[in-house]
Amino acid sequence: MLRVLAVDDEVPALEELAYLLRKDPRVEHVTTASDSVAALQDIVQMIGAGERLDGVFLDIRMPGIDGLDLARLVGGFPSPPRLVFVTAHEECAVQAFELEAVDYLLKPVRAERLAEAVRRLEAAASPVAEQPQDDVIPVELGGRTRFVPQQAVWYAEAKGDYVRLHTVDGSYLVRMSLAALERRWAGAGFIRVHRSTLVSARHVSELRFEGGRVMLTVGTETLQVSRRHSRQVREQLVRQHRGAVS
């Protein structure tokens, strides 16, 4: 169970965030603060009293000490709480993830999106699990069986009851749903970019905007991200590639 602090200078936004957090069964306790100074005092008091604080949900644009400055101060504490930014400003995402934020939510916050942030916070607060070995998918090719390793897959594309795996060596058709493959490779760096496409973040070399749409270069292919998935894809790529070089 998580113990968290919510920080926002806008009272209605703070009350809504605290309400949604308290509804989540994974959250044990929610403390609120209406500015960064009060939040810093609360954090110091909790740490001094030996109380556990798993995460801080904080706004960025606040008078005085803003959320990014508060995050830098908190980061200097021994065993600092994890950070989740909740803001109306999309342009600060890179700075946020440079501060090792667990997630970056844009206002108005949707309940399902906040639930995902809580899931990520819970995972980050848990002991690091041993990394699983690379999964291998067997593919039948005219009487032969080829074993396609997960790390070799650029992206997977839904084809009815099948999935086509695209790699540097070619593409392979596997009898499996894309949803089943997504569950199987959960936590392995695969991102849903379209209802019919799952992409390996490790093979994404470029993200760009073209005609108002987000485009990805994956291996030697160019893929379009659906409008529905654009925001989440950008957030996940920034977070995963930042983590890869830390």
Side-chain angles (χ1 to χ4, degrees), residues 93-94 97 100-104 112-113 115-124 126-211 213-246:
V94 172
F97 289 118
E100 300 186 3
V102 170
D103 210 343
Y104 191 92
E112 60 271 22
R113 186 64 184 83
E116 170 62 15
V118 171
R119 184 195 68 76
R120 294 175 183 175
L121 177 61
E122 186 178 46
S126 301
V128 178
E130 184 178 341
Q131 291 294 320
Q133 293 184 347
D134 187 29
D135 190 21
V136 174
I137 299 289
V139 179
E140 297 300 325
L141 296 170
R144 295 178 295 117
T145 301
R146 173 165 292 184
F147 298 96
V148 181
Q150 176 195 88
Q151 292 186 5
V153 176
W154 291 347
Y155 67 99
E157 186 180 15
K159 294 290 183 181
D161 294 331
Y162 290 80
V163 171
R164 184 170 291 280
L165 305 177
H166 295 266
T167 75
V168 68
D169 297 319
S171 63
Y172 307 95
L173 205 58
V174 181
R175 189 173 180 82
M176 176 188 297
S177 71
L178 191 67
L181 184 66
E182 185 176 21
R183 289 193 298 270
R184 178 167 174 168
W185 286 351
F190 281 79
I191 304 170
R192 181 74 76 125
V193 302
H194 189 277
R195 61 184 177 84
S196 62
T197 313
L198 196 62
V199 164
S200 171
R202 77 173 70 218
H203 292 296
V204 176
S205 58
E206 183 181 71
L207 180 152
R208 67 180 183 275
F209 292 90
E210 191 173 289
R213 305 300 294 268
V214 176
M215 309 296 290
L216 300 179
T217 300
V218 188
T220 60
E221 302 289 331
T222 298
L223 303 178
Q224 181 175 287
V225 180
S226 72
R227 295 188 189 279
R228 175 186 174 188
H229 292 89
S230 293
R231 180 186 297 174
Q232 186 175 351
V233 167
R234 294 199 305 272
E235 292 174 2
Q236 286 189 252
L237 285 174
V238 169
R239 182 171 56 257
Q240 290 189 217
H241 283 286
R242 190 254 170 243
V245 298
S246 61

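Nothing here was measured: the structure is a model prediction, and the numbers come from that model.
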Could you list the donor-acceptor pairs under 3.5 angstrom formed by side chains in residues 170-180, with sequence neighbours left out?
| residue | atom | partner | partner atom | Å |
| --- | --- | --- | --- | --- |
| Ser171 | OG | Arg164 | NH1 | 3.1 |
| Tyr172 | OH | Arg146 | NH1 | 2.8 |
| Arg175 | NH1 | Tyr162 | OH | 3.1 |
| Ser177 | OG | Ala180 | N | 3.0 |

Contact check, side chains of Trp185 and Val153, non-hydrogen atoms, under 4.5 Å: yes

Listed once per pair and sorted, the salt bridge (Lys or Arg N to Asp or Glu O under 4.0 Å) pairs that draw on residues 176-186, sequence neighbours left out: Asp135-Arg184, Glu182-Arg192

Which residues share a side-chain hydrogen bond (donor to acceptor under 3.5 Å, both in side chains) with Glu157, sequence neighbours left out: His166

Partner set under side-chain contact (heavy atoms from CB on, under 4.5 Å) for Thr197, not counting sequence neighbours: Tyr155, Val193, His194, Val199, Leu223

Nearest-0.5 Å distance that lies between atom CG in Leu181 and atom CG in Leu198: 6.0 Å

Between CD on residue Gln150 and CD1 on residue Ile137, distance to nearest 0.5 Å: 8.5 Å

Separation of Arg202 CZ from Phe190 CZ (nearest 0.5 Å): 7.0 Å

Sequence-distant partners of Arg195, salt bridge (Lys or Arg N to Asp or Glu O under 4.0 Å), two or more places apart: none

Cationic N near anionic O, under 4.0 Å, Glu116 to Arg119: yes

Any residue meeting side-chain contact (heavy atoms from CB on, under 4.5 Å) with Thr220, in chain and number order, not counting sequence neighbours: Trp154

Under 3.5 Å donor-acceptor, Thr145 side chain and Leu141 backbone: no

Leu216 and Val225, any side-chain heavy atoms less than 4.5 Å apart: yes

From CA spacing to verdict: side chain to side chain contact (heavy atoms under 4.5 Å, CB included), Thr217, Val204: CA-CA 6 Å; Thr217 300; Val204 176; over 6 Å; no

Pairing residues for Glu210 by the side-chain contact (heavy atoms from CB on, under 4.5 Å) criterion, not counting sequence neighbours: Arg208, Met215

Heavy-atom check, side chain of Asp103 versus side chain of Leu121, under 4.5 Å: no

Nearest atoms (heavy-atom pairs only) where Ala156 meets Val163: CB-CG1, 3.7 Å

From CG (Leu165) to OG (Ser200), nearest 0.5 Å: 11.5 Å

All side-chain hydrogen bond (donor to acceptor under 3.5 Å, both in side chains) counterparts of Thr222, not counting sequence neighbours: none

